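Contents: one structure, followed by commentary.
Only this structure's heavy atoms are used, side chains among them; waters, hydrogens and symmetry mates stay out. Keep in mind it's a predicted model, so treat the numbers as computed, not measured.
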Amino acid sequence: QVQLVESGGGLVQPGGSLTLACAVSGFTSESRVVGWFRDAPGKEREGISCIRMGDGRTWYSGSVLGRFTISRDNTKNTVYLQMNSLGPGDRAKYYCAAAEGWVGAYLPRFDYEYTAWGQGAQVTVSS
């Protein structure tokens with residue numbers, strides 16, 4: 001059974017940085033992918049980044065490209081999301097999710113492509 005646990009959310013000032021972590025268990029195939037999504041008030045769930053644990057291939061949405069960096073530590077089965085230059089538009093509840101079987105160039109970026117989810121971590125950007 002795949003389990004994901006997010007940590008690292010909190011309050012940050014505009015322009016600041018924050019790093020989220022997603023600890024994954026029960027999930028070991030080379031084709032496994034861990035993605036990050038966010039739910040902002042009044043908006044649909046948005047996929048923002050993902051990484052394939054086997055080869056480190058990544059994808060970013062246009063809204064975070066250049067500001068956020070996803071990485072993984074396979075020894076700890078943990079995926080990180082480094083978020084820089086945070087603004088009010090980044091205020092949301094952030095979720096990590098897991099998917100398996102993605103071996104090609106395309107990486108999953110929609111919520112229906114993922115089969116397991118964490119409980120979420122709140123990120124608030126405010127002065």
Side-chain angles (χ1 to χ4, degrees):
Q1 181 179 357
V2 179
Q3 292 186 321
L4 304 99
V5 179
E6 300 96 338
S7 60
L11 173 66
V12 62
Q13 292 186 341
S17 299
L18 203 62
T19 299
L20 301 178
C22 175
V24 185
S25 60
F27 188 48
T28 58
S29 73
E30 287 297 305
S31 63
R32 65 197 189 279
V33 174
V34 175
W36 285 98
F37 291 78
R38 63 186 181 185
D39 287 350
K43 296 183 179 180
E44 293 186 357
R45 177 166 292 184
E46 178 189 13
I48 56 174
S49 186
C50 65
I51 187 167
R52 185 157 55 210
M53 301 296 281
D55 63 4
R57 184 178 180 86
T58 61
W59 168 81
Y60 296 93
S61 71
S63 61
V64 306
L65 183 64
R67 299 189 299 125
F68 291 11
T69 302
I70 192 170
S71 61
R72 93 280 195 212
D73 183 339
N74 284 338
T75 66
K76 298 180 180 179
N77 286 327
T78 300
V79 172
Y80 303 96
L81 187 68
Q82 171 71 41
M83 305 184 292
N84 297 327
S85 302
L86 287 163
D90 297 310
R91 174 179 172 254
K93 191 163 188 178
Y94 286 71
Y95 297 87
C96 63
E100 286 195 80
W102 297 90
V103 298
Y106 174 84
L107 294 180
R109 59 205 65 180
F110 300 103
D111 54 3
Y112 60 81
E113 295 173 314
Y114 288 80
T115 56
W117 293 80
Q119 82 288 352
Q122 182 66 43
V123 172
T124 301
V125 183
S126 175
S127 55

Inset, instruction - Check the pair V64, R38 against side chain to side chain contact (heavy atoms under 4.5 Å, CB included), reporting the backbone distance first and the verdict last. - result: CA-CA 11 Å; V64 306; R38 63 186 181 185; 4.2 Å; yes
Legend entry - Distance (rounded to the nearest 0.5 Å) between R32 CZ and M53 CE: 5.0 Å
Inset, instruction - Could you tell me whether the side chain of S126 and the main chain of T124 form a donor-acceptor pair under 3.5 Å? - result: no
Legend entry - pair S25-N77: side-chain heavy atoms closer than 4.5 Å: no
Legend entry - Minimal non-hydrogen separation, S31 against G101, with atom names: OG-N, 3.1 Å
Legend entry - Flag side-chain contact, heavy atom, 4.5 Å: W117 against D111: yes
Inset, instruction - Measure the acute angle between the ring planes of W102 and Y106, then classify it against the limits of 30° and 60° as parallel, tilted or perpendicular. - result: tilted
Legend entry - Hydrophobic cluster membership, F68 vs L18, 4.5 Å side-chain cutoff: yes
Inset, instruction - Name the orientation class of the two ring planes belonging to Y114 and F37 (parallel below 30°, tilted from 30 to 60°, perpendicular beyond 60°). - result: perpendicular
Inset, instruction - Write down the atom of K93, the atom of Q119, and the distance for their closest heavy-atom approach. - result: CE-O, 3.5 Å
Inset, instruction - Give, for atom CG of D73 and atom OH of Y80, the distance between the pair rounded to the nearest 0.5 Å. - result: 5.0 Å
Legend entry - Intermediate values then yes/no, side chain to side chain contact (heavy atoms under 4.5 Å, CB included), R67 and M83: CA-CA 6 Å; R67 299 189 299 125; M83 305 184 292; over 6 Å; no
Inset, instruction - Please report the closest heavy-atom contact between V125 and P88, naming both atoms and the distance. - result: CG1-N, 4.0 Å
Legend entry - Verify same cluster id: L20, V5 (apolar side-chain graph, 4.5 Å): no
Inset, instruction - Enter the distance from I70:CD1 to I48:CD1 here, rounded to the nearest 0.5 Å. - result: 8.0 Å
Legend entry - Candidate pair V79 and I51, rule side chain to side chain contact (heavy atoms under 4.5 Å, CB included), full reasoning: CA-CA 8 Å; V79 172; I51 187 167; 3.9 Å; yes
Inset, instruction - Can you measure from OG (S63) to CG (D90) and round to the nearest 0.5 angstrom? - result: 7.5 Å
Inset, instruction - Could you tell me which non-hydrogen atom of D55 sits nearest to which non-hydrogen atom of R57, and how far apart they are? - result: OD1-N, 3.0 Å
Inset, instruction - Report the C-alpha separation of Y95 and L4 in whole Å, then their side-chain angles, then the decisive distance to 0.1 Å, and conclude whether the side chain to side chain contact (heavy atoms under 4.5 Å, CB included) test is met. - result: CA-CA 9 Å; Y95 297 87; L4 304 99; over 6 Å; no
Inset, instruction - Report whether V123 and L65 are members of the same hydrophobic cluster (ILVMFWY, side-chain heavy atoms less than 4.5 Å apart, transitive linking). - result: yes
Inset, instruction - Could you tell me which non-hydrogen atom of C50 sits nearest to which non-hydrogen atom of P108, and how far apart they are? - result: SG-O, 3.3 Å
Inset, instruction - State plainly whether one hydrophobic cluster holds both W59 and V103, where clusters connect Ile, Leu, Val, Met, Phe, Trp and Tyr through side-chain heavy atoms under 4.5 angstrom apart. - result: no
Inset, instruction - Report yes or no: do V2 and V34 belong to one cluster of Ile/Leu/Val/Met/Phe/Trp/Tyr joined by side chain heavy-atom distances under 4.5 Å? - result: yes
Legend entry - Which atom of A121 lies closest to which atom of E6, heavy atoms considered: CB-CB, 4.0 Å
Inset, instruction - State, yes or no, whether a side-chain contact exists between S17 and Q82 at a heavy-atom distance under 4.5 Å. - result: yes
Inset, instruction - Establish, from distance only, whether the side-chain atoms of Q13 and S127 form a donor-acceptor pair under 3.5 Å. - result: no
Legend entry - Separation between OH of Y94 and CD of E46, rounded to the nearest 0.5 Å: 8.0 Å
Inset, instruction - Please round to the nearest 0.5 Å and tell me the distance separating atom CZ of R91 and atom NZ of K43. - result: 11.0 Å
Inset, instruction - Answer yes or no: is there a donor N or O on one side and an acceptor on the other, between the side chain of R52 and the main chain of A105, under 3.5 Å? - result: no
